[in-house]
Structures are given as C-alpha cells and as structure tokens.
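These notes concern the structure reproduced below.
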Amino acid sequence: MKLKAVILVGGPEKGTRFRPLSLHLPKPLFPIAGFPLIHHHIEACCKVEEICEVLLIGSFQANDALKRFISREKKLFQKPINYLQEYSMLGTAGCIYHFRDVISNGQPDAFFLMHSDAYCDFPLKELIDFKEKFMPYLMMTVKLPKDQTLHYGCAGINNATNEIVHYRDKPASFVSRDINAGVFLLDFSIFETIGAHFQSKLTRNMSFSGLEEDSMDKMNRHNRISFESEVLPKLAGTGKLFAYRINRFWLSIKSAGSALYANRAILDSYRLKHPELLTEQDNCRGNVYIHPTAEVDPTALIGPNVTVAAGVIIGQGVRVRNSIILDAVELKNHSCILNSIIGWHCVVGEWARVEGTPTELNPDAPNATTDSFYLFDKHGKLLPSTTILGRDVRVPAEVVIRNSIVMPHKELHRGFQNQIIL
Amino acid sequence: MKALILVGGYGTRLRPLTLNVPKPLVEFGNKPIMLHQIEALVEAGVTTVILAVSYMSNVLEEKLEQHAKRLGIQILYSHEEEPLGTAGPLALAKKYLLVGDNPEPFFVLNSDVISDYPFSRLLEFHRGHGKEGTICVAKVEEPSKYGVVVYDQENGQIQRFVEKPQEFISNKINAGMYIFNPSVLNRIEPRPMSIEKEVFPFMANAGELFCMELEDFWMDIGQPKDFLRGMCMYLTSLRKRSPEALHKGSNIVGNVLIDESVKIGENCKIGPNVVLGPGVVIADGVRIKRCTVMRDAKIKSHSWLESCIIGWESRVGQWARLENVTVLGQDVNVQDEIYLNGVRILPHKSISASVPEPQIIM
C-alpha cells in the first residue's frame with residue numbers, strides 16, 4: 001500500500017492565541033520537549049513504511065527557519081518532505097484541493113490529513129488497519145467532557161457501524177462528546193467531493209449580483225472552503241464517513257498553557273520511546289530535557305517537566321519546574337521559574353520569581369483539554385494561566401511576575417501580577 | 001522612683017505572634033519590648049515598676065523575675081479583672097504608687113511604644129515647670145490615626161486634644177509616655193476611664209498639663225506593619241548610638257542586627273533593616289530585607305523575604321517568596337517554592353500552597 005501524509009500548518013493569521021510566542025516564529029515550529037511542534041507529527045508519519053512522502057501545507061512565507069527545519073527533518077528521516085505554500089487563504093479543504101495534483105502524484109492509494117494543532121501518540125498504523133474498502137473517509141475521534149466539545153467539531157457516531165451520521169463544527173449547543181481529533185485517512189475521491197462543493201458554491205454566489213463588494217472579496221469567499229464546516233457536515237450520513245475512536249491521551253495545542261501540558265506529555269513519552277533524550281543528573285528531578293549546549297549550575301534544581309533549549313545559562317541555586325526555557329535564556333542566581341514559558345534571549349534577574357498557574361486536568365476526564373478558551377473572566381480580570389515572557393524580555397532582580405504575559409523586547413522595572421504587559 | 005506600664009489586654013493586633021506570647025514579651029530588636037522600656041526607666045532612676053496586666057500575667061511574672069533580679073529592681077503586678085481603659089489602671093495601682101513618705105512623680109507608659117525613651121530629660125523638664133503632668137509628644141506623618149495635641153510652642157503648655165481629627169490641626173501626637181505628680185490620682189476612679197478623654201482635658205484647662213517633644217524616634221508597634229517600621233527606626237538609632245552592635249560583612253547591607261548564635265550560609269544578602277534572633281539558621285543564597293526573624297526559625301536556601309515577621313521556630317522552605325507584611329506565628333512550616341503575599345499564618349500551621357493575595361490562614 002502506498003500512502004502520503006499531508007500536515008496542515010496554518011499561517012500567521014492563525015495561531016493568534018499562541019502569541020506572543022508566535023509573533024516571530026510560526027507556531028508549528030515552536031519547540032516543545034526539545035523539538036519543533038510538527039517534528040512530532042512528521043516523526044509519526046515517517047515511522048510508517050507505507051507513507052512515501054510528507055507534505056506540509058501552509059500560508060507562512062517559506063523563510064529560513066522553515067526551510068532549515070524541513071531540510072533537517074529530511075536528512076533525519078530519509079524521506080521526501082516538502083512545503084507547499086498557499087498564496088491566499090484557501091481554507092482547510094480549499095488548500096488540499098488546490099494542491100491535489102501534488103498530493104496525488106505517484107498514484108498513492110490514500111493520504112493522511114493531519115492538523116498541526118492536534119497532538120497525540122498518532123496511531124497511524126491502526127488507522128490503516130481499521131480502514132476498510134467501504135470506508136472511503138476515516139476520521140480519528142476522541143471523547144471530551146461535554147462542556148468542552150462546543151469548541152471543536154462534534155460527530156454523531158453510529159456505535160454499531162462507526163459511521164459518522166451527523167457532524168457540526170463548533171456547535172452552539174451540545175451535539176456529541178465525540179470530537180474531530182484532527183487526523184484523517186482519505187481516499188482521493190475526496191477531491192471530487194470538494195470540487196463538486198466548490199462548483200455549487202460558485203454558481204450559488206454568482207447568482208448574487210454583489211453590488212457592494214468588489215470582485216477580489218468575492219473571489220476570496222469562493223476560494224475559501226473549510227473542511228470542518230463545509231465538507232464534513234455534507235459527508236456525514238452519506239455512508240462514506242467513518243470514525244476511528246481513540247482512547248488515549250490527546251491534546252489540542254492552541255495556547256501556551258496547552259504547550260506546557262504537551263511538553264509534559266511528550267517528555268513522558270520519551271521515557272519509553274527516546275530515553276536517551278532525557279537528562280538524568282543530580283540536579284534534575286522527573287522528566288527533563290536539557291540541550292547539550294545549555295549550562296546548568298550543579299546547585300540549581302531542574303524539573304519535573306522542564307525543557308531547556310540551546311545556549312541557556314542557569315545560575316546557582318535556580319529552581320525551574322513545569323516550564324519551557326527557550327534558546328539563549330539567562331536565569332540568574334537563586335531565581336525561581338514555575339509553570340512558565342521563558343522566550344528566547346530573556347534574562348531573569350537574581351532572586352526573581354516568574355510564576356504561572358498550572359492548568360491542571362480534571363482527573364475524571366482523561367482527555368480534558370487544559371485550555372481556557374477565554375483570557376478574561378466576566379469581571380474583566382485576566383484569568384490565572386501560564387506566565388509567558390516573549391522574546392528578549394528582561395526581568396529585574398527580586399521581583400515577582402505572576403500570571404502575566406509579557407510582549408517581546410520589554411524591559412521590566414518592577415513586578416507584575418495578572419496582567420498583559422505590552 | 002516608680003513607673004506604671006499599661007500592659008492591658010490581648011494584643012490582638014499583633015496576632016498571630018501574641019497568641020503564644022504576651023505582647024510585652026514579643027522580641028523587638030532581639031529583646032522583649034517590655035525590657036527595652038524597663039531598662040530605660042531604670043537608667044532614669046526608677047526602682048519599682050508596676051505592671052497593669054490582665055492577660056497571661058503569670059507568664060510575664062515568670063519571665064520578668066530574672067530581669068528584675070539582674071537590674072536590682074522590684075516588679076509589682078496590678079491585676080485588672082475587667083478592662084479599665086487608659087486611666088483606670090492608675091487608680092487600681094494607687095496603693096503601689098503612693099507608697100513612701102514623700103511620694104515622688106511617677107512615670108506612666110503604654111506598653112506598645114518604642115522610642116529612645118528620654119526619661120531623664122522628661123523628669124527634668126517636668127520638675128522645671130512644676131505642674132501636675134507632662135506628656136511626651138511625637139511628630140508623625142499621618143496624625144489623624146492618633147490623638148493630636150495642640151500646645152504653646154514656647155513653654156509646652158497643652159491647650160487641647162483632638163482625637164482623630166477630620167482636618168489637619170497638628171502633626172504632634174500623644175506618644176503614650178507620661179510623668180505625673182501623685183495628685184493626678186485624685187482625678188481618676190478605679191473604673192474604665194479614658195485618660196485622653198476624661199483626665200487630660202481637665203488638666204489642660206486647669207493649666208496643669210505640659211508636653212515635651214520627642215527628638216529621636218517613636219513608634220507604636222502594636223501592629224505588624226508598624227512593628228516593622230519601628231524596627232527600621234530602631235536600627236537607624238542603633239547605628240547612631242552604638243554602631244558596634246550592628247553586623248558587618250560582605251553579605252550584609254545596611255543596618256542589620258544579628259544574634260551571635262545565628263548561622264548564615266553562603267551567597268546570602270542580608271539587609272537592610274533585618275533582625276535575626278538567637279538560634280536562627282539561614283541557608284545558602286537567601287535574600288532578606290526589612291524583616292524580623294524570631295528565635296530558632298530556619299530559612300532554607302534561595303528564598304526571598306521582604307517586610308516579614310517570621311515567628312519562633314518557624315521554617316521557610318527553599319525558593320520561597322514572602323513579602324508585604326507576611327507574619328508567621330510560632331512553629332509555622334512553609335514548604336518549598338511557596339509564594340506568600342501579605343499573609344498572616346496562625347501557629348503550628350503547615351503551608352503547602354501559595355497564597356498570592358493578602359489573607360489570614362487559620
């Protein structure tokens with residue numbers, strides 16, 4: 001069997017909830033547990049023999065960071081990996097339709113479609129085994145607590161046949177606990193479906209004279225087709241769309257809080273899959289990844305659930321727990337970093353305390369997301385969450401930065417709590 | 001000479017410290033508050049100190065006995081069965097105050113006040129004008145919290161008092177330290193009476209009340225915030241009067257008073273304005289500013305403390321951050337990496353979660 005993998009990586013207009021971390025770096029390249037986010041997706045794909053090519057589709061400029069990343073991955077996995085850039089926003093269905101020739105090139109039998117936001121221990125082989133001839137389109141689903149389902153695509157599934165009989169994207173009221181987990185295995189006939197939908201949309205829109213808008217806007221509306229809100233609902237109940245339910249850990253990485261949580265989960269997975277990546281030394285506790293070029297003083301205490309990137313300098317008596325420390329950060333003596341993401345090149349002064357609030361899982365709902373979808377509570381107060389320091393922020397000695405988000409290149413002169421600092 | 005110290009009640013404002021220890025015995029600058037006062041009185045010629053008490057008086061009696069012997073003075077106790085206010089206790093202690101053929105003027109002190117205690121100068125000034133009473137006045141920055149005194153700048157004769165004024169009248173307030181002739185006792189009955197409202201105004205009208213301005217420092221340390229302010233003032237005054245009492249070192253900043261039994265680790269930065277009591281252990285990499293750490297408390301490594309009072313035998317964990325007038329009672333255990341902001345913690349509590357907003361933990 002010959003397969004391809006398509007990973008949708010989005011663009012600068014997307015992933016805004018990941019700001020300020022995504023202001024200078026495409027979110028898919030954001031390092032989690034020592035590697036860019038989509039490295040984990042690409043690794044899962046490359047482990048599957050049947051997959052002969054991995055295609056990344058997005059609207060980011062193919063800049064240096066992205067190019068270097070892709071060439072490194074190609075070398076590492078010895079598989080063709082290519083980036084296809086959308087020059088206008090085509091939507092999640094529109095973009096794969098646009099590149100259908102590239103995807104179909106080589107006559108593969110089917111292709112995986114993956115969202116870069118979705119993270120789990122991708123069961124790609126299981127999906128291949130589960131897909132039958134009579135299941136042209138297979139969607140991976142996961143069960144979430146009722147109140148969280150409203151933020152995702154909800155699927156009504158026939159328990160006997162696993163057919164998806166109903167599908168609503170981000171419904172206004174409860175539809176189903178099974179949600180779209182962002183991984184599909186699709187026959188190429190999907191392009192006919194999308195094409196037909198595109199045509200009907202075109203003719204429908206042509207019938208409006210569109211006096212107010214100019215033709216550019218009209219064209220944009222036509223071209224943008226969303227897989228979740230336009231294609232899937234149509235496929236539901238036609239006997240073609242089926243669900244593969246997973247019962248394992250799954251996370252949607254939308255915000256910094258979920259990045260920290262994914263960090264923890266991925267570090268945990270290294271215990272089994274890549275124990276050589278974990279750092280075991282006297283000043284570490286639990287799962288810790290420390291890049292070989294980082295300098296960590298022996299009197300510091302790192303972990304559990306900490307990732308320390310390249311060129312980081314950690315001084316005497318520093319405490320880091322449940323945090324991601326990005327490249328070239330300097331943590332001065334006796335500082336304390338808890339539940340935070342410290343951006344590239346930040347400097348944290350002596351005895352300073354940078355602390356976020358850990359977003360903990362509800363233990364009764366194993367796949368509950370850690371994300372709060374709202375930044376502020378009903379009184380306009382910033383909800384407690386992960387503290388994020390953007391790139392090149394300087395925190396003076398002895399202050400406390402708690403539950404706050406600091407924009408890049410900011411030099412702070414005092415402590416802050418529960419604030420966004422521009 | 002004799003002195004009466006109004007010890008009074010429960011010291012509720014200094015809780016949680018005063019839950020285990022009567023307020024006069026709480027150490028201020030590594031010495032019980034009361035002892036600062038008694039030693040200053042002895043220097044001015046006082047040989048008998050009468051304590052007007054109501055709460056935990058037996059603890060007081062026990063602890064003060066050794067000091068009485070050492071100083072060669074007599075300490076007597078006047079027990080209030082019911083709270084008698086600020087004047088009533090004088091009438092109750094009458095029998096002690098009038099002992100002897102020719103009763104001399106006696107001092108009266110509020111037990112909460114710390115100062116350089118210029119009792120000799122007060123006695124001299126009092127004898128100088130020959131009237132019935134002299135009170136000390138202190139200059140403060142926020143006078144409306146107290147009772148303000150209006151007086152003749154030339155001779156110190158008091159004209160009137162205004163309690164908690166609504167407009168600015170004066171920035172001199174009643175400092176809670178007095179000297180009276182025994183005849184004052186005729187103005188007071190052994191019932192709850194306020195000296196500010198029921199005695200002083202009459203004395204002032206009769207031209208019998210004078211005041212002397214305090215020149216060095218003064219503070220009412222009845223609550224933690226003021227306790228710490230008073231501590232800073234006291235240390236500043238120590239720097240002037242006996243700088244050898246203060247500590248020096250590469251890890252010391254500003255005025256720091258450290259008992260000789262204290263152990264301090266490496267890479268610490270202590271001060272300014274820190275008092276460390278006997279048996280205190282400070283581990284490596286600790287930063288302390290503007291704090292009093294009581295006897296046998298332990299501060300673990302890399303923590304950061306500012307404006308706190310750490311109670312006797314308490315333990316503060318590693319990488320902890322305590323600030324904003326956080327007060328730990330006796331034997332409180334704060335675990336590693338905890339953040340406490342303006343928190344008062346009652347004795348024997350163990351804290352395992354941060355408290356980022358001011359609160360009381362029972």
Side-chain angles (χ1 to χ4, degrees), chain A residues 283 285-286 296-306 314-323 331-340 348-358 360 377 379 381-385 387 395-404 414-419, chain B residues 250-254 264-274 281-291 293 298-308 310 316-326 334-343 351-359:
Chain A
N283 58 359
R285 298 272 177 282
V296 181
D297 192 274
T299 59
L301 184 59
I302 314 292
N305 303 317
V306 173
I314 297 184
Q316 291 177 18
V318 171
R319 181 83 183 93
V320 183
R321 195 186 74 201
N322 198 34
S323 297
L331 302 179
K332 296 208 167 151
N333 297 344
H334 319 295
S335 52
C336 185
I337 315 290
L338 308 173
N339 311 310
S340 301
V348 176
E350 293 189 328
W351 281 291
R353 183 182 179 101
V354 179
E355 179 182 11
T357 300
E360 286 304 332
D377 66 12
H379 302 294
K381 202 165 167 232
L382 197 62
L383 283 171
S385 63
T387 283
V395 176
E398 303 185 33
V399 300
V400 57
I401 309 291
R402 209 181 121 254
N403 292 340
S404 292
R414 61 175 177 91
F416 288 92
Q417 302 207 29
N418 306 308
Q419 285 183 52
Chain B
S250 58
N251 55 359
I252 305 292
V253 179
I264 302 180
E266 316 236 316
N267 301 318
C268 292
K269 206 166 172 194
I270 313 290
N273 297 318
V274 173
V281 177
I282 312 285
D284 297 337
V286 173
R287 180 87 183 89
I288 308 183
K289 297 192 280 197
R290 207 169 180 273
C291 293
V293 182
K298 292 181 183 20
I299 315 293
K300 299 219 183 110
S301 45
H302 314 297
S303 25
W304 188 92
L305 282 68
E306 183 178 36
S307 295
C308 302
I310 309 298
V316 174
Q318 294 183 57
W319 291 288
R321 182 184 175 99
L322 276 57
E323 60 178 338
N324 195 21
V325 194
T326 284
V334 176
Q335 290 189 15
D336 297 344
E337 304 167 29
I338 299 290
Y339 172 50
L340 298 177
N341 174 16
V343 188
I351 304 299
S352 53
S354 291
V355 186
E357 301 293 323
Q359 249 183 74

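Each chain gets a letter, A, B and so on, in the order its sequence line appears, and its residues count up from 1. Worth saying up front: this structure is predicted, and the values here are computed from it rather than measured.
Without hydrogens or angle criteria, B:W319 side chain to A:I337 main chain gives no donor-acceptor distance under 3.5 Å. Between the B:R321 side chain and the A:V399 main chain, a donor and an acceptor come within less than 3.5 Å of each other. For B:W304 (side chain) and A:S335 (main-chain N/O), no donor-acceptor pair under 3.5 Å exists by modelled atom type.
Interface remark: B:D336 contributes no atoms to any contact with chain A (heavy atom separation under 4.5 Å). With a threshold of 4.5 angstrom between heavy atoms, B:E337 approaches chain A through its backbone and through its side chain. Contact annotation for A:V400: both backbone and side-chain heavy atoms come within less than 4.5 Å of a heavy atom of chain B. If you measure heavy-atom distances from B:S354 to chain A, the contacts under 4.5 Å come from the side chain alone. Only the side chain of B:E357 comes within less than 4.5 Å of a heavy atom in chain A; its backbone stays farther off.
Shortest non-hydrogen contact noted between B:H302 and A:G317 is CE1-CA, 3.0 Å. Heavy atoms only, all atoms of each residue included: B:N267 and A:H334 are closest at O-NE2, 3.7 Å.
In this structure, B:K269 does not pair ionically with A:E350, as no charged nitrogen and carboxylate oxygen lie closer than 4.0 Å.
Here B:Y339 contributes atom OH and A:E355 contributes atom CD; the two are 8.0 Å apart, rounded to the nearest 0.5 Å. To the nearest 0.5 Å, atom CD of residue A:Q316 and atom OG of residue B:S301 are 11.5 Å apart. We find the CH2-NZ distance between A:W351 and B:K289 to be 9.5 Å, quoted to the nearest 0.5 Å.
By the 4.5 Å heavy-atom criterion applied to side chains, A:E398 and B:R287 are counted as neighbours.
Counting non-hydrogen atoms of neighbouring residues, nucleotides and ligands closer than 6.0 angstrom, the CD atom of B:E266 reaches no more than 12 such neighbours.
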